[in-house]
Asks: 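Let me begin by handing over the structure; questions about it come next.
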Amino acid sequence: MSNEKILLLDGNSLAYRAFFALPLLTNEHGIHTNAVYGFTLMLQKIMEEENPTHMLVAFDAGKTTFRHSTFGEYKGGRQKTPPELSEQFPYVRKLIDAYGIKRYELEMYEADDIIGTLSKQADANGQQVVIVSGDKDLTQLATENTTVYITRKGITDIEKYTPAHIEEKYGLTPLQIIDMKGLMGDASDNIPGVPGVGEKTAVKLLKEHGSVENLYGALDTVSGVKLKEKLVANEEQAKMSKTLATIETSAPIEVTVDELTYSGPNMEAVVEIWKELSFRTLLEKSDFVAEEQEMTELNYNVLDEIDSSILKDQMALHLEMYDEQYHTSELLGIALSDGEDSYFIKGSTAFQSDVFCKWLEDDSKQKFLSDSKATQAVSRKHGVSILGTEFDLLLAAYIVNQSISSGDVSTLAKEFGNYNVWTDESVYGKGAKKSTPELEKLAEHAARKAQAIWQLKPTLEEKLKENEQFALYKELELPLASILGTMESDGVKVDKQILVEMGHDLEIKLQSIEQDIYALAGEKFNINSPKQLGVILFEKIGLTPIKKTKTGYSTAADVLEKLASEHEIIEQILHYRQLGKLNSTYIEGLLKEIHEEDGKIHTRYQQALTSTGRLSSINPNLQNIPVRLEEGRKIRKAFVPSQPDWVMFAADYSQIELRVLAHMSEDKNLVEAFNNDLDIHTKTAMDVFHVDAEDVTSDMRRAAKAVNFGIVYGISDYGLSQNLDITRKEAATFIEQYLNSFPGVKEYMDDIVRVAKQKGFVTTILNRRRYLPEITSSNFNLRSFAERTAMNTPIQGSAADIIKKAMIDMAGRLKDENMQTKMLLQVHDELIFEAPPEEIALLEKIVPEVMDTAIKLLVPLKVDYAFGASWYETK
DNA sequence: CTCTTCACG
DNA sequence: ACGTACGTGAAGAGT
């Protein structure tokens with residue numbers, strides 16, 4: 001008996017298992033990773049448990065095997081390997097190589113046969129063998145020395161087949177498993193067996209007769225007329241099936257067991273693959289990486305004051321805040337790093353140093369930051385404007401890959417291969433347990449961030465240049481960050497009194513509607529609870545549910561509107577909802593956000609969040625202040641200029657997305673329509689309905705408008721039918737008519753999807769990217785969604801590029817003209833300013849001019865503007 | 001912490 | 001046949 005242990009793995013079978021057991025995961029480049037990930041987990045677990053001295057992973061080679069000459073339809077009718085899995089096999093092989101494990105495949109033979117041949121050899125040598133597969137056929141190889149592990153549900157749950165276990169489970173010997181397969185067949189390999197004989201019958205027959213051959217030698221003794229008939233009719237097939245199910249144990253392989261020695265992984269190579277595939281959990285858990293992390297030396301000093309000698313011409317700078325809301329958060333300290341040495345200065349003491357403040361304001365001293373907008377905003381709060389922002393890790397990372405999961409330095413650093421930063425959560429804790437750590441810990445945490453920012457600059461800049469996105473980052477996003485920071489810091493004045501009064505009115509109305517609803521329902525309930533409301537409407541009152549959600553009846557507005565004629569309670573509920581929303585989100589919500597000191601609201605723009613390149617606005621969201629309904633629109637009366645007699649000035653792009661579409665598709669009809677400044681919805685209606693301009697009814701224009709929206713969103717007949725409340729067929733006709741009238745648009749849409757499939761991403765006018773891994777998915781839903789996104793993102797994203805460029809130009813122009821006017825808000829296609837009255841005339845000239853010429857398109861851009869005493873009046 | 005609803009472009 | 005319009009954030013309910 002040898003103390004060697006041979007581990008033989010069925011590579012194809014395990015990769016398949018992993019693939020179907022785990023959800024489809026992808027890395028940032030859209031490569032699917034779930035099979036590789038699952039395979040890795042299996043490998044890790046089994047090696048840890050078994051401690052093998054020899055290892056081999058066997059693969060199937062090619063499509064045909066010697067079994068096909070016995071039976072042409074062997075494995076016939078099998079579904080093609082999904083492309084999401086096929087693309088992962090090269091990585092599985094690379095991974096096995098990195099682990100230092102031998103792998104083998106052989107023309108005309110399956111992985112089973114390689115494993116069978118080797119296990120027989122090893123068995124003869126008296127070596128211990130463990131076979132791992134997801135395929136139960138392999139259990140025929142079990143012997144006293146050989147155990148067969150078959151994966152059960154999931155990826156790490158395993159059933160161990162020894163001869164004893166097989167005896168217990170089926171009452172058969174391992175070799176009789178072959179006979180069992182011969183009789184019952186195997187649907188997945190298309191092995192026919194004897195029709196009508198399943199596992200139960202097969203086992204019973206084999207217990208009596210021992211083997212297929214013996215059974216057919218003694219057919220007379222088989223009880224049951226039907227069964228006997230079936231056996232007689234399928235004798236040839238049964239014998240052939242047995243042959244097919246038999247694993248070859250003397251395949252002409254060119255490796256021997258002795259060559260399979262396993263001497264441990266090359267962890268560096270393994271980690272390299274993990275990084276490439278973004279296996280974050282494994283990387284974090286890995287001792288190797290942890291060691292690597294420990295090995296990194298960090299020279300950092302905690303300073304009480306700043307000495308001019310530490311301030312270099314280039315430095316990474318990080319302001320450590322207690323929480324994300326940097327407008328109000330406590331400043332915990334400042335970290336600096338020059339790549340060699342790092343420093344930490346507690347609290348805001350650094351800002352008391354003249355040397356430091358001068359350094360910050362010196363344009364020739366380059367600062368490397370992460371989230372320059374936040375850094376500058378906090379510094380501004382301490383009376384210092386940072387100049388010389390040379391690098392912003394957050395923005396660079398976002399441009400390289402829009403799907404970065406979070407903005408903290410640790411996450412960003414990990415994303416690009418730097419594991420030397422602790423997560424904020426591990427330092428501060430989370431939820432109620434969140435607290436500031438002791439000084440040393442805090443200092444090292446912040447210093448590590450500064451050092452990582454320093455180290456990552458070259459990596460990120462190289463990637464940006466490689467992708468031809470350096471200009472987008474350096475000339476658009478980076479300068480925009482400063483402008484947004486100023487807008488945030490300036491804030492917008494909100495008249496508290498107006499909101500409070502509106503709130504009182506709303507409360508009174510709400511109470512009255514509430515009473516009406518209770519009376520109509522015959523009982524009190526929580527109107528804000530869709531669950532309780534559903535019970536009242538669809539069970540108590542007996543209305544017909546139109547739509548369901550995962551959790552019950554849908555009570556969404558579009559559903560209720562269809563029921564409005566059925567019962568008068570519906571109208572009341574819709575009104576209650578509308579007013580309730582105004583009161584809770586906009587009155588109470590906004591009141592909570594007004595800063596005591598200045599009576600202003602300071603939203604935060606998230607510049608590295610959306611997948612299209614738009615901004616988003618939080619705490620509070622000022623990009624969704626009501627406008628469509630008059631009752632809500634009144635909220636805008638509370639948004640007023642910060643100085644007496646000043647006015648609010650708002651300018652918006654008209655139809656920017658359709659103009660972008662005209663530009664990108666170069667559709668003649670659409671380009672001409674904009675060049676002639678036609679009403680685009682009326683023009684669309686004329687083409688879709690084949691009527692003259694004067695015969696376009698308001699309904700036709702409304703439908704045309706919906707079609708235009710649909711085109712921008714990535715058209716689908718279903719979506720349009722829902723929006724217009726028409727049948728899918730009618731919607732499909734509209735779309736067809738549209739695409740006939742605008743053939744360039746159709747061509748563009750087809751092209752963009754094709755390009756997305758080929759490259760894996762789509763781009764905007766300024767070369768912003770969005771990766772769309774799911775566009776090649778075999779899942780219809782995922783694929784369709786990605787296709788619509790491919791059509792929409794270049795349009796929405798290019799529109800975002802344009803207004804961002806306009807904001808930079810606008811800020812420059814206001815400065816050049818020495819104006820007092822302040823840019824306050826951006827709402828995707830509009831800019832809101834506050835201005836002294838004497839500057840209005842100039843604004844009327846320069847705002848449209850600057851916005852129109854931000855980026856030159858094939859068609860003109862059009863800007864509408866208005867001004868008044870409050871945001872409400874800018875219409 | 002997820003789901004539903006609803007506000008905006 | 002599949003079952004969806006694109007992009008966001010906030011509030012309230014209920015697990």
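A note on names: the letters A, B, ... follow the listed sequences, proteins ahead of strands, and every chain is numbered from 1.
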Asks: Is A:G710 touching bases, backbone alone, or none of the nucleic acid, heavy atoms closer than 4.0 Å?
Replies: base
Asks: Which nucleotide of DNA chain B is the first, and which the last, in the 5' to 3' direction, to come under 4.0 Å of a heavy atom belonging to chain A?
Replies: B:dC3 to B:dG9
Asks: Looking at every strand, decide which applies to A:A706 at a 4.0 Å heavy-atom threshold: base, sugar-phosphate, or nothing.
Replies: base
Asks: Does a side-chain N-to-carboxylate-O contact under 4.0 Å join A:K434 and A:D323?
Replies: no
Asks: Distance between the P atoms of C:dA5 and B:dT5, in whole angstroms?
Replies: 13 Å
Asks: Between C:dC6 atom C1' and A:N792 atom CG, what is the distance in whole Å?
Replies: 4 Å
Asks: Determine the interatomic distance between C1' on C:dA1 and the same-named atom on B:dC6; round to the nearest Å.
Replies: 32 Å
Asks: Please work out if A:I625 contacts a base, only the sugar-phosphate, or nothing of the nucleic acid, heavy-atom cut-off 4.0 Å.
Replies: sugar-phosphate
Asks: Run the side chain to side chain donor-acceptor pair (under 3.5 Å) test on A:Q572 and A:E514 for me, step by step, so that the C-alpha distance in whole Å, both residues' side-chain angles and the decisive distance to 0.1 Å come before the verdict.
Replies: CA-CA 8 Å; A:Q572 301 287 338; A:E514 190 182 290; over 6 Å; no
Asks: Determine yes or no for a side-chain-to-main-chain donor-acceptor pair under 3.5 angstrom, with A:N792 supplying the side chain and A:V712 the backbone.
Replies: yes
Asks: Separation of A:R783 atom CZ from C:dC2 atom C1', in whole Å?
Replies: 10 Å
Asks: A:N781 near the nucleic acid: base, sugar-phosphate alone, or nothing, with a heavy-atom cut-off under 4.0 Å?
Replies: sugar-phosphate
Asks: What's A:V827 touching, base or sugar-phosphate or nothing? Going by heavy atoms closer than 4.0 Å.
Replies: sugar-phosphate
Asks: Taking atom C1' of C:dT4 as reference, at what distance in whole Å does atom CG of A:N779 sit?
Replies: 13 Å
Asks: Give A:A557 one of three labels, base, sugar-phosphate or nothing, depending on what nucleic acid heavy atoms sit under 4.0 Å from its own.
Replies: sugar-phosphate
Asks: Sugar-phosphate means primed atoms, P, OP1 and OP2; the rest is base. With that split, encode nucleotides 9-15 of chain C 5' to 3' as B, S or - using protein heavy atoms under 4.0 Å.
Replies: BBSSSSS
Asks: Under 3.5 Å, side chain of A:S721 to main-chain N/O of A:A731, donor-acceptor pair present?
Replies: no
Asks: Under the salt bridge (Lys or Arg N to Asp or Glu O under 4.0 Å) definition, can you give me all pairs with a residue in residues 579-595 of chain A, not counting sequence neighbours?
Replies: none
Asks: Under the salt bridge (Lys or Arg N to Asp or Glu O under 4.0 Å) definition, can you give me all pairs with a residue in residues 603-632 of chain A, not counting sequence neighbours?
Replies: A:R614-A:E657, A:E630-A:K634
Asks: Here's a test for you: under side chain to side chain donor-acceptor pair (under 3.5 Å), which of A:Q606, A:Q607, A:E488 qualifies with A:K373?
Replies: A:E488
Asks: Quickly work out the A:D558 CG to C:dA5 C1' distance and round it to whole Å.
Replies: 13 Å
Asks: So for A:R728 and C:dG3, does any side-chain atom that can act as donor or acceptor lie under 3.5 Å from a complementary atom in the base?
Replies: yes
Asks: Roughly how many Å is it from CG in A:N723 to C1' in C:dA5, rounded to a whole number?
Replies: 8 Å
Asks: With sugar-phosphate meaning primed atoms plus P, OP1 and OP2, does A:R628 contact a base, only sugar-phosphate, or nothing at under 4.0 Å between heavy atoms?
Replies: base
Asks: Specify the residues of residues 649-660 of chain A, ordered by number, for which at least one heavy atom lies under 4.0 angstrom from an atom of DNA chain B.
Replies: none
Asks: Are any of the side-chain nitrogens in A:D801 or A:K805 under 4.0 Å away from the carboxylate oxygens of its partner?
Replies: no
Asks: Pick out which of A:T610, A:T763, A:T793 makes a side chain to side chain donor-acceptor pair (under 3.5 Å) with A:R770.
Replies: A:T793
Asks: Rounding to a whole Å, what distance do you find between A:D725:CG and C:dT4:C1'?
Replies: 16 Å
Asks: Once you apply a heavy-atom cut-off of 4.0 Å, does A:F780 come out as touching a base, just sugar-phosphate, or nothing?
Replies: base
Asks: Do NZ/NE/NH1/NH2 and the carboxylate oxygens of A:K509 and A:D505 come within less than 4.0 Å?
Replies: no
Asks: Distance criterion of 3.5 Å, no angle test: do you see the side chain of A:R788 paired donor-to-acceptor with the base of C:dT4?
Replies: yes
Asks: Taking only the P atom of each, what is the distance from B:dC3 to C:dT4 in whole angstrom?
Replies: 14 Å
Asks: Is it the case that A:K875 places NZ or CZ above or below the six-membered ring of A:Y872, under 6.0 angstrom from the centre and within 45 degrees of the axis?
Replies: yes
Asks: Does DNA chain C take part in any stems of at least 3 consecutive Watson-Crick or G-U pairs (both distances under 3.5 Å), and if so, which ones?
Replies: B:1-9 with C:6-14
Asks: I'd like to know if A:K540 pairs up with A:E523 as an ion pair, taking the criterion as any Lys NZ or Arg NE/NH1/NH2 lying under 4.0 Å from an Asp or Glu carboxylate oxygen.
Replies: yes
Asks: Quick one: label A:S611 by what it contacts on the DNA or RNA (base, sugar-phosphate, nothing), any heavy atom closer than 4.0 Å.
Replies: sugar-phosphate
Asks: Within this structure, what is the CD1-to-C1' distance between A:I711 and C:dT4, rounded to whole angstrom?
Replies: 15 Å
Asks: Please state whether the rings of A:F867 and A:F649 are parallel, tilted or perpendicular, taking 30° and 60° as the class boundaries.
Replies: parallel
Asks: After noting the C-alpha distance and the side-chain angles of A:S784 and A:E787, does the key distance pass the side chain to side chain donor-acceptor pair (under 3.5 Å) rule?
Replies: CA-CA 5 Å; A:S784 303; A:E787 287 172 357; 4.9 Å; no
Asks: Would A:E774 and A:S777 count as a side chain to side chain donor-acceptor pair (under 3.5 Å) here? Give the steps.
Replies: CA-CA 5 Å; A:E774 284 164 347; A:S777 168; over 6 Å; no
